[in-house]
Every structure is written in structure tokens, then in C-alpha cells.
Amino acid sequence: MPETDGSQMEKKIRDTAKLLKEADYVVAFTGAGMSAESGIPTFRGSDGLWGKYDPELLTIGSFMAKPLEGWQLVKDLFFDVISAARPNPGHYALAELEHMHRLHCIITQNIDYLHQDAGNRVVCEFHGTIKSIICPKCSRLYPSASVALSQLPPHCADCQTVLKPNFVFFDEAIPVDARENARAATLKADVMLVIGTSGAVPPACYLPDIARENGAMIIEINPEPTQYTKRITDIYLNGNAGDILPKLVAEVKSLIETL
Ligand code: OAD
């Protein structure tokens, strides 16, 4: 990286750290790029899942019509990959920021539970979670670890209905709690960190716009510009979450310690 780029990035990290130190309520809004360095593929972009698989297969209609094929796909793409993944330095940096009371809520589109594994406690899972499996008929919830996926598709022990992963498929509504909690946190935010998301999927993608309209500063961390960057981003930190977040949190820490 040329010297000027490096020093510009250092200045942007210092400016962002000052904002985080002064802010009353900081929200992180995260997407698949947050977990890319944990080995979980993103959805879009050159290596993205939707370049290799048809997202139509993960509409709720298609899953319900062909549960065996749907389960085989979600097992291969999500359950097998995510169960082997660990938090990366970006996740741990956000956990440290929460611990320092400089991050108040994470709204994540990810289902991988890596924010919680890293130590974050206030996490709104906008698209649900890989950690549980639900019966769409009687609503019985099963911890994923208790459901054998060797014989697909799995069935409800009570009513024999085919179970469904407890995450949001295309054309499915966002869980009411998640929607309301995300909106409330967004409206409280005076700084929103937008990390590793292309901002392509509604309604999640509207949250940074709502925050900005409500007066929040938008800080974006992403190696590629997105639909937000020119339009609403105040500070664009161009790079990987696992690289930038630890530097940012170290800077916040040094600002707090020099008080
Ligand atoms: P996308 O795959 O659309 O976007 C991933 C973003 O992460 C891109 O902007 C990349 O440039 C960026 N990125 C890649 N590596 C990164 C890294 N190391 N650090 C930071 N950023 C990086 O994923 P999402 O925006 O999360 O929905 O997609 C939103 C939703 O689309 C997902 O929640 C899922 C999917 O279909 C459902 O499952 C309902």
C-alpha cells in the first residue's frame, strides 16, 4: 500500500475511534463479509454462493415443495461449513468494543452465531440462527445439535412434520422481535458501523438509511465499495473486517486510556 494510502487510512481510523469514544449509542450492522475470514463464503461477488447456486432454491416455497433437496443444500452450504468455523479477529474486536461499552448492539444478517461465540452479548439476529431448528406446524424448537442430519429431511418428534432451519428463507417474513429490536437500536444509534454487507437484501438493507436519516454517522468497513459508500457513508474504511476492526479497537482503547 503506498505511504499516502497508509497514512490516510490511519487518519480515518483515528477519526472513527474518536467518534466511537464520544458516541452515546453505537450499533454494528454486519453481513456475510464479517465472517469471510472465518472461512464462510459470502453470497455475492466473484466467489459468492449465488454465483454457484440458484437462490430460488432457498425460497420458502421451493424448500417446502422439495424438502429433501432443500435440506441437502442447507446442510452442505450452512450447517457443515458453519459448524467448522471459528470467530476471526474482527469478531473478537467487536466483542472487546462491547466490553469497553463503546458498542451497544450488533444487528447481524448472519446466522452463524460467531458474534456470540466471540463474546458479544447484545446481538439481534435479523435473519434467524443456525443454532435451532423449528417445526413449521407446531412451532417446537430444537437445538440444532440435537437433530441428526444424517437422515434427511428431519421430522418433528411430536407431529412428524418436516422441520425447517430456524433462519429466514427468501420470501419469508423477518421474525417480529428481530425486526422491532433492530429498528429500536437503529433509531437510537448516533454511530452505525456497517461491516461486510453489500446492502442488497431488503428489509435489512434499509437499516443504515434509517440510521442516517435519523442523524447517525455511517462508518463502512468493506474491501469493496457498496450501494451505501457514495450515498450515505461518512467514513469508508476500505479493507477486511479482520484487519481493520482490531486496529480500530486498539485506537479506541488508547484514546480511553490516555484520558
Ligand atoms: P453479500 O454476499 O451480499 O455481501 C458481502 C459483502 O462483504 C460484500 O460487500 C463484500 O465486498 C464484503 N466482504 C467480503 N470480504 C470481506 C471482509 N473480509 N471484510 C469485510 N467485508 C468483506 O452478503 P450480505 O450483504 O450479508 O439472506 O447478504 C445479505 C443477505 O443475502 C444474507 O443475509 C442472506 C443473503 O441472501 C438470507 O439468507 C435471507
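When a ligand or atom number is given, it counts from 1 through the structure's own listing order.
- Heavy atoms of Phe167 found under 4.0 angstrom from ligand 1: none, in either backbone or side chain.
- Heavy atoms of other residues, nucleotides or ligands lying less than 6.0 angstrom from NZ of Lys230 number 12 at most.
- From the protein, the heavy atom lying nearest to atom 29 (C) of ligand 1 is Gln109 OE1, 3.3 Å.
- For the residue pair Ala211 and Thr186, the shortest heavy atom distance occurs at N-CG2, 3.6 Å.
- Under a cut-off of 6.0 angstrom, the local environment of NZ in Lys253 is sparse, with at most 12 non-hydrogen atoms contributed by other residues, nucleotides or ligands.
- Between Lys131 and Glu125 there is no salt bridge, since no side-chain nitrogen of the basic residue lies less than 4.0 Å from a carboxylate oxygen of the acidic one.
- Ser38 and Asn88 form a side-chain donor-acceptor contact under 3.5 Å, judged by distance and modelled atom types alone.
- At under 3.5 Å, a nitrogen or oxygen of Ala32, whether backbone or side chain, sits near a nitrogen or oxygen of ligand 1.
- When atom types are taken as modelled, the side chain of Glu56 and the backbone of Ser62 share no donor-acceptor pair closer than 3.5 angstrom.
- Scanning all protein heavy atoms for the shortest distance to atom 8 (C) of ligand 1 gives Asn222 ND2, 3.9 Å.
- Protein heavy atom closest to atom 25 (O) of ligand 1, with residue, atom name and distance, is Thr197 OG1, 2.6 Å.
- Shown here is His155, whose NE2 atom has more than 12 heavy atoms of other residues, nucleotides or ligands within 6.0 Å.
- Of the N or O atoms in Phe43, one or more lie within a sub-3.5 Å distance of an N or O in ligand 1.
- With respect to atom 13 (N) of ligand 1, the closest heavy atom belonging to the protein is Gly33 CA, 3.5 Å.
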Below 3.5 Å, can you tabulate the donor-acceptor pairs from side chains in residues 23-37 to any protein atom, sequence neighbours excluded?
unit_1	atom_1	unit_2	atom_2	d
Thr30	OG1	Thr108	OG1	2.7
Thr30	OG1	His115	NE2	3.0
Ser35	OG	His91	NE2	3.4
Ser35	OG	Asp112	OD2	2.6
Glu37	OE1	Gly242	N	3.0
Glu37	OE2	Gly242	N	3.3

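- Contact between Trp50 and ligand 1 is present, with at least one heavy atom of the residue lying under 4.0 Å from the ligand.
- Residue Ala241 has at least one N or O atom closer than 3.5 Å to an N or O atom of ligand 1.
- Using a 4.5 Å heavy-atom threshold, the side chains of Asp209 and Arg231 count as touching.
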Less than 3.5 Å apart, which donor and acceptor atoms pair up between the side chains of residues 171-185 and the rest of the protein, not counting sequence neighbours?
unit_1	atom_1	unit_2	atom_2	d
Glu172	OE1	Lys164	NZ	3.3
Glu172	OE1	Phe169	N	2.8
Asn181	ND2	Asp177	O	3.2

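- Distances from atom 1 (P) of ligand 1 to the heavy atoms of Ser198, Pro223, Pro225 show the closest one on Ser198.
- The shortest N/O to N/O separation between Thr226 and ligand 1 does not fall below 3.5 Å.
- Looking only at protein heavy atoms, the nearest one to atom 37 (C) of ligand 1 is His127 ND1, 3.8 Å.
- Ligand 1 has an N or O atom lying under 3.5 Å from an N or O atom of Gly196, backbone or side chain.
- Contacts between Phe170 and ligand 1, counted as non-hydrogen atom pairs separated by less than 4.0 Å, involve the side chain only.
- In Ala36, the part holding a heavy atom less than 4.0 Å from any atom of ligand 1 is the side chain.
- The 12-atom threshold is exceeded at CZ of Phe170, counting heavy atoms of other residues, nucleotides or ligands nearer than 6.0 Å.
- Protein heavy atom closest to atom 18 (N) of ligand 1, with residue, atom name and distance, is Glu37 OE1, 2.8 Å.
- In terms of protein heavy-atom proximity, atom 39 (C) of ligand 1 is nearest to Val168 O, 3.4 Å.
- Using a 4.0 Å cut-off to heavy atoms of Glu224, the atoms of ligand 1 that qualify are 11 (O).
- The parts of Arg44 lying near ligand 1 are both backbone and side chain, judged by heavy-atom distances below 4.0 Å.
- Residue Gly31 approaches ligand 1 through these ligand atoms, each under 4.0 Å from one of its heavy atoms: 26 (O).
- Between Arg212 and Asp234 there is a salt bridge, since at least one side-chain N of the basic residue sits less than 4.0 Å from a carboxylate O of the acidic one.
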**Message:** Apply side chain to side chain contact (heavy atoms under 4.5 Å, CB included) to residues Val201 and Phe43 and explain how you reach the verdict.
**Reply:** CA-CA 11 Å; Val201 175; Phe43 294 97; over 6 Å; no
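- Contact annotation: for Val201 versus ligand 1, heavy atoms closer than 4.0 Å belong to the side chain alone.
- Between Asn110 and ligand 1, no N or O atom pair is found at a separation short of 3.5 Å.
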